[in-house]
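Read through the structure below, which is laid out as structure tokens, and then see the notes.
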Amino acid sequence: MLIRIDPASPQPLYEQLADQVRTAVVRGEVVSGERLPAARDLATSLDVNQHTVLHAYQLLRDEGFVELRRGRGAVVTARAVEHYAPLRAALDAVRREAGRLGLPLSAAAAMLTAEEPR
């Protein structure tokens, strides 16, 4: 799993980190029981404060994505992987349908984020 952050983004760094882990879970890039990088190592590689990474990991723990285990670090939970499997399948279906229609994925993404008409 490759994690990238944008220091110029208005979104806090810890939220960017958490979003990337969530996305990796939904995409199936990480599996149940997989360990995330140690907070210290990830902080060093991203050139951020270790507490930023720990904040992201704590947020993910609170959401049920990871378990924080002393000595083992952050471990992806089975619940997170299983819980988001239907979403991954739905997104795959959207990708296929967009391709069939010749619709760019950016347009499909815009449709997902647009508010529904009332």
Side-chain angles (χ1 to χ4, degrees):
M1 172 176 64
L2 181 63
I3 297 178
R4 295 183 186 185
I5 57 168
D6 178 7
S9 171
Q11 183 182 28
L13 297 176
Y14 75 92
E15 286 182 6
Q16 291 182 49
L17 289 170
D19 282 350
Q20 296 223 0
V21 172
R22 285 186 208 100
T23 300
V25 168
V26 171
R27 287 183 177 167
E29 295 171 2
V30 294
V31 296
S32 172
E34 187 170 335
R35 287 176 31 177
L36 298 180
R40 180 178 294 161
D41 296 341
L42 186 55
T44 299
S45 70
L46 295 174
D47 196 27
V48 298
N49 189 295
Q50 182 177 345
H51 293 289
T52 300
V53 177
L54 290 172
H55 192 173
Y57 283 3
Q58 289 167 349
L59 179 62
L60 291 166
R61 178 205 55 209
D62 294 347
E63 294 172 354
F65 276 88
V66 299
E67 291 178 352
L68 296 179
R69 300 178 183 167
R70 189 172 298 270
R72 287 201 55 207
V75 179
V76 177
T77 64
R79 178 190 167 280
V81 173
E82 293 164 2
H83 186 72
Y84 288 94
L87 177 59
R88 183 173 46 251
L91 291 172
D92 287 343
V94 168
R95 250 185 242 105
R96 284 191 306 275
E97 186 63 15
R100 188 183 72 73
L101 295 171
L103 183 69
L105 288 179
S106 58
M111 292 169 69
L112 284 172
T113 58
E115 288 189 33
E116 288 188 36
R118 295 179 191 229

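The shown structure was predicted, so the numbers you read here are calculated from the model rather than taken from an experiment.
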Hey, which of Arg88, Arg96, Arg95 is the one that makes side chain to side chain donor-acceptor pair (under 3.5 Å) with Asp92?
Arg95
Could you tell me whether the side chain of Asn49 reaches within less than 4.5 Å of the side chain of His55, counting heavy atoms only?
no
Quick one: closest heavy-atom pair of Ser32 and Thr77, and the distance?
OG-C, 3.9 Å
Criterion side-chain contact (heavy atoms from CB on, under 4.5 Å) on Leu46 and Leu17, from CA distance to verdict:
CA-CA 10 Å; Leu46 295 174; Leu17 289 170; 3.3 Å; yes
Applying ring pair (Phe, Tyr, Trp, His ring centres under 6.0 Å) to Tyr57 and not counting sequence neighbours gives none
Group every Ile, Leu, Val, Met, Phe, Trp and Tyr by side-chain heavy-atom contacts under 4.5 Å, then state whether Val21 and Tyr14 land in the same group.
no
Are Leu59 and Phe65 connected, step by step, through hydrophobic side chains (Ile, Leu, Val, Met, Phe, Trp, Tyr) whose heavy atoms are closer than 4.5 Å?
no
Closest non-hydrogen contact found for Pro7 with Leu13 is CA-CD2, 4.1 Å
Here the pair of heavy atoms bringing Leu60 nearest to Arg22 is CD2-CG, 3.9 Å
Ser9 (side chain) donor-acceptor with Ile5 (main chain) under 3.5 angstrom
no
Counting heavy atoms not belonging to Arg27, are there more than 12 under 6.0 Å from its CZ?
no
For the hydrophobic clusters of this structure (ILVMFWY residues joined by side-chain heavy atoms under 4.5 Å, transitively), does one cluster hold both Leu87 and Met111?
no
Residues Leu54 and Ala39: closest non-hydrogen pair is CD2-CB, 3.6 Å
Smallest separation among heavy atoms of Gln16 and Gln11, with atom names
NE2-O, 2.9 Å
Any idea which heavy atoms bring Gln20 and Ile3 closest together, and the distance?
OE1-CA, 3.3 Å
Can you tell me if CG on Asp62 sees more than 12 non-hydrogen neighbours from other groups inside 6.0 Å?
yes
dist Leu68:CG -> Leu36:CG (nearest 0.5 Å) comes out at 9.0 Å
Are Leu91 and Leu103 linked, directly or through intermediate hydrophobic residues, by side-chain heavy-atom contacts shorter than 4.5 Å (ILVMFWY only)?
no
